[in-house]
Enquirer: 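This is the structure I have questions about; it appears just below.
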Amino acid sequence: MPKAVTIFVQYVESANKVVGRFSMYLIFAMGGILLFESIARTIFNKPHIWVVEIAQFLMAAYYLLGGGYSMMLKAHVRMDLLYGRWSAARQALSDVFTSLLLILYMVFLLLGGISGAKYALKYGQVNYSSWAPPMAPIKIIMAFGILLMLLQVIATFIRDVAKIRGKTIS
């Protein structure tokens, strides 16, 4: 594979590794916020209107920012009816086909995410709740997570093409 392609794959995987490992800790932040609310509500009888939405935003950031890292680790869900019995080259060929479909899907998802983030920024969009938090931060995080996932799908596609050709990318 050309050196530029190899460097692209390495940089994408490095970025997804850093962002993915960071996002793993968001689950603890979400748990802490929910624990705080449980204590505030039951012991002190002081519920807060912002807790559920913050937990939802953290959960969305958790799975969107961790998506590329999960794909890099091959930790995503796979229907393994026949796949596990196939040779590495045949698995790679199957993955190339599905990666092309996934790239197409991710491009449209990214376009929608960018459009939604632009809208939220331009019009100061807020969530329709009594707390009414601004939506721009989570929509920007969502678009960034989708971009990282798209880049990882492309990197995985490149790795699979190299595998089919009998080469590896280190």
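Owing to the predicted nature of the structure, the values given are computational and were not obtained by experimental measurement.
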Enquirer: Can you check whether L34's main-chain N or O pairs, donor with acceptor, with S38's side chain at less than 3.5 Å?
Expert: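 Yes; judged by distance alone, with no hydrogens or angles, the pair exists.
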Enquirer: Suppose we screen for side chain to side chain donor-acceptor pair (under 3.5 Å). Which residues come up paired with S129, at least two apart in sequence or across chains?
Expert: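 S129 satisfies side chain to side chain donor-acceptor pair (under 3.5 Å) with E53 once adjacent residues are dropped.
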Enquirer: Are M59 and L26 connected into the same hydrophobic cluster when the rule is that any two of I, L, V, M, F, W, Y join if their side-chain heavy atoms are below 4.5 Å apart?
Expert: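 Per the 4.5 Å side-chain linkage, L26 and M59 are co-clustered.
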Enquirer: With no hydrogens and no angle check, just 3.5 Å: does a side-chain donor-acceptor pair link D95 and Y83?
Expert: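 There is such a pair between these side chains.
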Enquirer: To the nearest 0.5 Å, how far apart are CG in L110 and OG in S115?
Expert: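 Rounded to the nearest 0.5 Å, the CG-OG separation comes to 11.0 Å.
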Enquirer: Counting distance only, does the side-chain N/O of R159 pair as donor-acceptor with the main-chain N or O of I169 below 3.5 Å?
Expert: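 Checking the backbone N and O of I169 against the side chain of R159, a donor-acceptor pair under 3.5 Å is found.
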Enquirer: Using a strict 4.0 Å threshold on nitrogen-to-oxygen distance, state whether K46 and E37 make a salt bridge.
Expert: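 Salt bridge flag = no for E37 with K46.
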Enquirer: If you round to the nearest 0.5 Å, how far is OG of S23 from CG of L58?
Expert: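 L58 CG to S23 OG: 11.5 Å, rounded to 0.5 Å.
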Enquirer: Can you give me the closest heavy-atom contact between V19 and F144, atom names plus distance?
Expert: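 Looking at all heavy atoms of both residues, the closest pair is CG2-CE2, 4.3 Å.
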Enquirer: Which heavy atom of K163 sits nearest to which heavy atom of A88, and what is that distance?
Expert: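 In terms of heavy atoms, the two residues are closest at CD-O, 3.7 Å.
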Enquirer: Are I54 and I39 grouped together when hydrophobic residues (ILVMFWY) are joined by side-chain heavy atoms under 4.5 angstrom apart?
Expert: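 I54 does not cluster with I39.
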Enquirer: Looking only at heavy atoms, what is the nearest atom pair of A155 and V12, with distance?
Expert: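 Smallest heavy-atom distance, with atoms named: CB-CG1, 4.1 Å.
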Enquirer: Flag yes if more than 12 heavy atoms outside F8 fall under 6.0 Å of its CZ atom; otherwise flag no.
Expert: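 More than 12 within 6.0 Å, yes.
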Enquirer: Is there a side chain to side chain contact (heavy atoms under 4.5 Å, CB included) between M106 and I146 once you walk through the steps?
Expert: CA-CA 7 Å; M106 294 303 295; I146 293 166; 3.8 Å; yes
Enquirer: Report whether L151 and M149 are members of the same hydrophobic cluster (ILVMFWY, side-chain heavy atoms less than 4.5 Å apart, transitive linking).
Expert: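 Yes, one cluster joins them.
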Enquirer: Measure the CG-CZ distance between N16 and R21 for me, rounded to the nearest 0.5 Å.
Expert: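 It is 12.0 Å, given to the nearest 0.5 Å.
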Enquirer: So which atom in A89 and which in I164 form the shortest heavy-atom distance, rounded to 0.1 Å?
Expert: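 Scanning both residues completely, I find the closest heavy atoms to be O-CG1, 4.1 Å.
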Enquirer: Between S99 and V153, which heavy-atom pair has the shortest distance, and what is it?
Expert: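 For S99 versus V153, the nearest heavy atoms are O-CG1, 3.8 Å.
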Enquirer: When rounded to the nearest 0.5 angstrom, what distance separates CG in L65 from OG in S70?
Expert: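 Interatomic distance, L65 CG to S70 OG, rounded to 0.5 Å: 12.5 Å.
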Enquirer: List for me each residue that meets side chain to side chain donor-acceptor pair (under 3.5 Å) alongside K139, sequence neighbours excluded, and say none if there are none.
Expert: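 So K139 forms a side chain to side chain donor-acceptor pair (under 3.5 Å) with Q125.
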Enquirer: Between OG1 of T98 and CG of L102, what distance do you get to the nearest 0.5 Å?
Expert: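 Here the rounded value is 7.5 Å.
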Enquirer: Between NE2 of H76 and CE of M71, what distance do you get to the nearest 0.5 Å?
Expert: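 The NE2 atom of H76 sits 5.0 Å away from the CE atom of M71.
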Enquirer: Can you list the steps and then say if L121 with I140 is a side chain to side chain contact (heavy atoms under 4.5 Å, CB included)?
Expert: CA-CA 9 Å; L121 284 168; I140 291 168; 4.0 Å; yes
Enquirer: How are the rings of F36 and W50 set relative to one another: parallel (under 30°), tilted (30 to 60°) or perpendicular (over 60°)?
Expert: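 The rings of F36 and W50 lie parallel, inter-plane angle below 30°.
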Enquirer: Under the side chain to side chain contact (heavy atoms under 4.5 Å, CB included) criterion, do M135 and I138 qualify, and how do the steps go?
Expert: CA-CA 6 Å; M135 295 301 291; I138 192 60; 4.1 Å; yes
Enquirer: Can you hop from F22 to L64 via hydrophobic side chains spaced under 4.5 Å?
Expert: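 Yes, because F22 and L64 connect within a single hydrophobic cluster, where side-chain heavy atoms sit under 4.5 Å apart.
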Enquirer: Hydrophobic clusters here meaning ILVMFWY residues chained together by side-chain heavy-atom distances under 4.5 Å, can you tell me if Y105 and L111 are in one?
Expert: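 In one cluster: yes.
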Enquirer: Could you report the tightest heavy-atom contact between G20 and Y69, atom names first, then the distance?
Expert: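 Nearest pair, atom of G20 first, then Y69: CA-CB, 3.7 Å.
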Enquirer: Under 3.5 Å, is there a donor on one side chain and an acceptor on the other for T6 and Q10?
Expert: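 No, because no side-chain N or O of T6 sits under 3.5 Å from a partner of the opposite role on Q10.
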